[in-house]
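Quick note: numbers below take in every heavy atom, side chains included, and nothing from hydrogens, waters or symmetry partners. Letters go in sequence order (proteins before strands), and every chain restarts at 1. Just so we're clear, the structure is a prediction, and the values are computed from it rather than from any experiment.
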Amino acid sequence: MASARFSPRAPDPRQAGIGLRTPHFAALAGSRPAVSFLEVHSENYFADGGPALAWLERFREDYAVSLHGVALSLGSVDGLDRGHLDRLARLVSRIEPALISEHLCWSRIGGRNLGELLPLPYSEESLSVVCARVDEAQERLGRRLLVENVSAYLRYRETTIPEGEFVAEVARRTGCGVLLDVNNAYVNAQNHGTDARAFLAAIDPASVGEIHLAGPERTEDGLIDSHGTRVLPEVWALYEETIARLGPVPTLIEWDTNIPALEVLVAEADTATAVLRRASDRGEGAP
Amino acid sequence: MNSKRNLIRSALAGVIALGVGSAGAQAHDGPAPAGKEKCYGIAKKGQNDCGTATHACAGLAKKDNQPDEWKLVAKGTCEKLGGNLKAPAAPKK
Amino acid sequence: MSAGGLRALQEAFARAVLDGDPDPVAAFIEPGGEEAKRRLAIYGRAVTANLVGALRGAHPVVLRLVGDAYFHEAASRYARADPPRSGDLNRFGSGFGAFLEGYEPAAAMPWLADVARLEWACHEASMAGDGEPLDFEALAHVPLEAQGELRFSFHPSVSVVKSAWPILAIWEANQPDREGTPDRDVGEDTVLVWRESGTVRAVALSAREVAFIEALASGLGLDEAAGEPDWDLPAFLEQLASHGVLGAFRREIPGGPPPISP
């Protein structure tokens with residue numbers, strides 16, 4: 001995929017990255033903080049041209065880029081939207097990202113898009129649906145996909161497989177990687193009384209290509225994955241344990257609501273970087 | 001017909017002159033020539049990051065407790081338009 | 001789950017959050033009953049907020065004109081009536097203007113639908129391709145006798161919005177640095193929208209200018225598009241060129257095959 005002109009740089013696993021959002025464009029271009037990669041929502045750059053894409057092409061000169069899709073809908077029984085996949089493929093060839101990820105969820109049925117990351121029942125039927133879509137996407141993109149575990153605010157009667165085993169099995173069957181969202185694991189455990197550590201333990205360390213961290217909101221409906229605050233102390237603890245087990249993995253701080261000044265976001269990434277450095281210095285995880 | 005030809009010649013001469021001394025074809029992206037500004041330029045805000053569905057954007061959506069009648073009465077700057085806006089006598093379509 | 005159960009679940013889920021019928025999907029959710037509906041309602045609100053949020057992003061002027069509560073109600077009704085076809089929510093909202101035209105609570109604001117159409121044109125202009133710039137040097141080398149046959153294309157962001165109302169004055173008055181009172185209260189505005197150096201711009205066109213733009217867009221050469229030589233074509237063409245509205249041009253060989261198919 002890489003052209004002679006530019007080859008995608010890989011994120012330094014010893015340094016965390018940040019989610020890139022439009023309010024930070026100018027500050028980021030001005031200050032060029034020391035983060036190892038920038039992650040954007042793929043769909044925000046599906047345009048044919050224009051300023052957003054121009055900014056991203058500028059940033060990719062200085063940073064590794066991760067394309068994080070929110071709407072490919074890997075879990076829809078309808079199958080993938082080929083036009084959507086084509087636009088993602090066009091963006092991939094234009095940006096040459098280091099990482100490409102999507103969510104283990106669904107959002108589209110009967111030609112209607114619900115615009116939300118909707119949970120799947122963890123069942124054999126869902127497994128075969130998701131794996132077929134992941135195969136198709138990886139084939140079309142010619143790249144390995146990372147799939148992310150999502151927060152869920154409800155549970156289905158039809159779930160027969162523990163979430164961790166479901167995620168691990170998708171990776172095993174398709175060869176895709178896992179984008180392990182530690183905050184989502186914590187949110188689900190809190191909301192549904194399950195064990196976040198059991199979820200994390202089910203994931204094959206070798207399959208994990210990226211980790212997400214974010215801050216949730218406590219509401220009368222339980223924890224909501226709002227990406228609107230600092231990472232919780234309990235999630236930092238889970239993250240440290242995870243890194244101790246996996247070794248340094250490219251880690252990203254997501255912040256999407258109540259977006260703070262860039263320095264606050266970078267400081268949060270620095271906290272993750274410190275964890276990664278300690279693990280690296282101790283030589284933890286896979287060799 | 002001659003005046004028409006002259007008009008076009010003059011028009012293109014003006015356009016070609018724009019390209020001279022403006023690094024050639026890139027005048028396209030250059031600033032507007034001073035004193036000729038008819039356009040009221042507006043910077044559209046950056047793309048809304050929430051335009052692409054994550055529950056990060058909507059997770060905090062609160063229950064809607066507003067009385068229905070509030071939702072059907074416009075409460076914005078439309079009041080500044082008052083009843084003064086005039087459509088032409090015979091609206092075209 | 002029985003084979004094919006996932007389809008039933010997803011269809012029922014969409015019916016619950018878009019069509020307001022939570023009963024069929026509640027049966028799929030632990031522990032059922034009112035608690036299942038309460039959990040489902042979290043998603044109902046999230047879906048609405050995401051779709052309305054996309055429309056807010058594309059229609060800041062309509063939002064400012066009518067206020068939050070009104071916009072939310074109108075936008076959520078539109079979103080349920082005509083939900084996104086694409087997962088890319090930046091493409092959601094092309095029909096919002098048409099929806100507002102038939103939205104009964106907006107009957108007293110007959111200009112609102114056209115303001116939404118203008119905003120959608122601006123939104124699309126922000127995402128259009130970058131196109132080929134006008135090649136001034138090549139233009140300088142066109143022989144005088146061939147000038148009338150030149151056919152210009154436009155920057156991919158260019159579009160024209162027509163209204164029976166002073167929509168440009170309303171739109172301008174509701175940009176962030178203005179307080180909302182339009183400069184004029186009459187006008188049948190025909191607005192040219194395009195993107196120049198990353199910025200979306202809009203300007204009102206005279207009837208003559210509209211006719212010229214439409215003639216060029218239909219593939220006519222400069223001579224035919226210009227019409228009668230009784231207007232200031234040089235000034236207008238210079239405006240179009242200097243602001244990046246004009247794109248690449250072609251020169252038709254006299255006596256060659258007809259250049260434009262109907």
Legend entry - Nearest heavy-atom neighbours spanning Arg91(C) and Ala47(A): NH2-CA, 3.9 Å
Legend entry - Non-hydrogen side-chain atoms of Tyr156(A) and Leu9(C) separated by less than 4.5 Å: yes
Legend entry - Chi angles and distances behind the side-chain contact (heavy atoms from CB on, under 4.5 Å) call for Leu118(A), Phe13(C): CA-CA 9 Å; Leu118(A) 302 172; Phe13(C) 204 114; 3.7 Å; yes
Inset, instruction - Specify the closest pair of heavy atoms between Gly87(C) and Ala71(A), including all atoms of both residues, with the distance to one decimal. - result: O-CB, 3.4 Å
Legend entry - Distance in Å, Arg112(A) CZ paired with Arg80(C) CZ, rounded so as to fall on 0.5 Å steps: 11.5 Å
Legend entry - Heavy-atom contact with chain A under 4.5 Å, split by part of Pro31(C): backbone
Legend entry - Under 3.5 Å donor-acceptor, Gln10(C) side chain and Val77(A) backbone: yes
Inset, instruction - Sequence neighbours left out, what passes side-chain hydrogen bond (donor to acceptor under 3.5 Å, both in side chains) with Gln138(A)? Give chain and number order. - result: none
Legend entry - Full working for side-chain contact (heavy atoms from CB on, under 4.5 Å) between Ile42(C) and Ile224(A): CA-CA 10 Å; Ile42(C) 300 172; Ile224(A) 301 281; 4.1 Å; yes
Legend entry - Enclosure of Arg32(A) CZ (heavy-atom neighbours >12, cutoff 6.0 Å): no
Inset, instruction - Over all heavy atoms of both residues, which pair between Pro51(A) and Gly198(C) is shortest? Give the atoms and the distance, please. - result: CG-O, 3.6 Å
Inset, instruction - Would you indicate whether Arg90(A), at its atom CZ, is surrounded by more than 12 heavy atoms from other residues, nucleotides or ligands within a distance under 6.0 Å? - result: yes
Inset, instruction - Find the distance between CG (Asp221(A)) and CZ (Arg45(C)) and round it off to the nearest 0.5 Å. - result: 5.5 Å
Legend entry - Side-chain heavy atoms of Leu6(C) within contact of Ser123(A), under 4.5 Å: no
Inset, instruction - Please flag which part of Leu120(A) lies under 4.5 Å from any non-hydrogen atom of chain C: side chain, backbone, both or neither. - result: side chain
Inset, instruction - Give a yes or no on whether a salt bridge exists between Arg7(C) and Asp78(A), defined as a side-chain N under 4.0 angstrom from a carboxylate O. - result: yes
Legend entry - Pick from Ala128(C), Ala14(C), Ala41(C) with the largest number of heavy-atom pairs that fall under 4.5 Å of chain A: Ala128(C)
Legend entry - Spatial distance of atom CG (Leu154(A)) from atom NZ (Lys37(C)) [nearest 0.5 Å]: 14.5 Å
Legend entry - Minimum heavy-atom distance between Arg157(A) and Glu30(C), given as atom pair plus value: CA-OE2, 3.8 Å
Inset, instruction - Determine yes or no for a side-chain-to-main-chain donor-acceptor pair under 3.5 angstrom, with Tyr43(C) supplying the side chain and Tyr153(A) the backbone. - result: yes
Legend entry - Partners passing salt bridge (Lys or Arg N to Asp or Glu O under 4.0 Å) against Glu179(C) (at least two apart in sequence or in another chain): Lys80(B)
Inset, instruction - Identify which of Pro119(A), Gly110(A), Ser107(A), Gly69(A) forms the greatest number of heavy-atom pairs closer than 4.5 Å to chain C. - result: Pro119(A)
Inset, instruction - Supply the atom-to-atom distance Thr159(A) OG1 to Phe28(C) CZ, rounded to the nearest 0.5 angstrom. - result: 12.0 Å
Inset, instruction - Look only at the side chain of Asp88(C) and the backbone of Asn44(A), and say whether a donor-acceptor pair between them is shorter than 3.5 Å. - result: no
Legend entry - Under 4.5 Å from any heavy atom of chain A - which part of Leu51(C): side chain
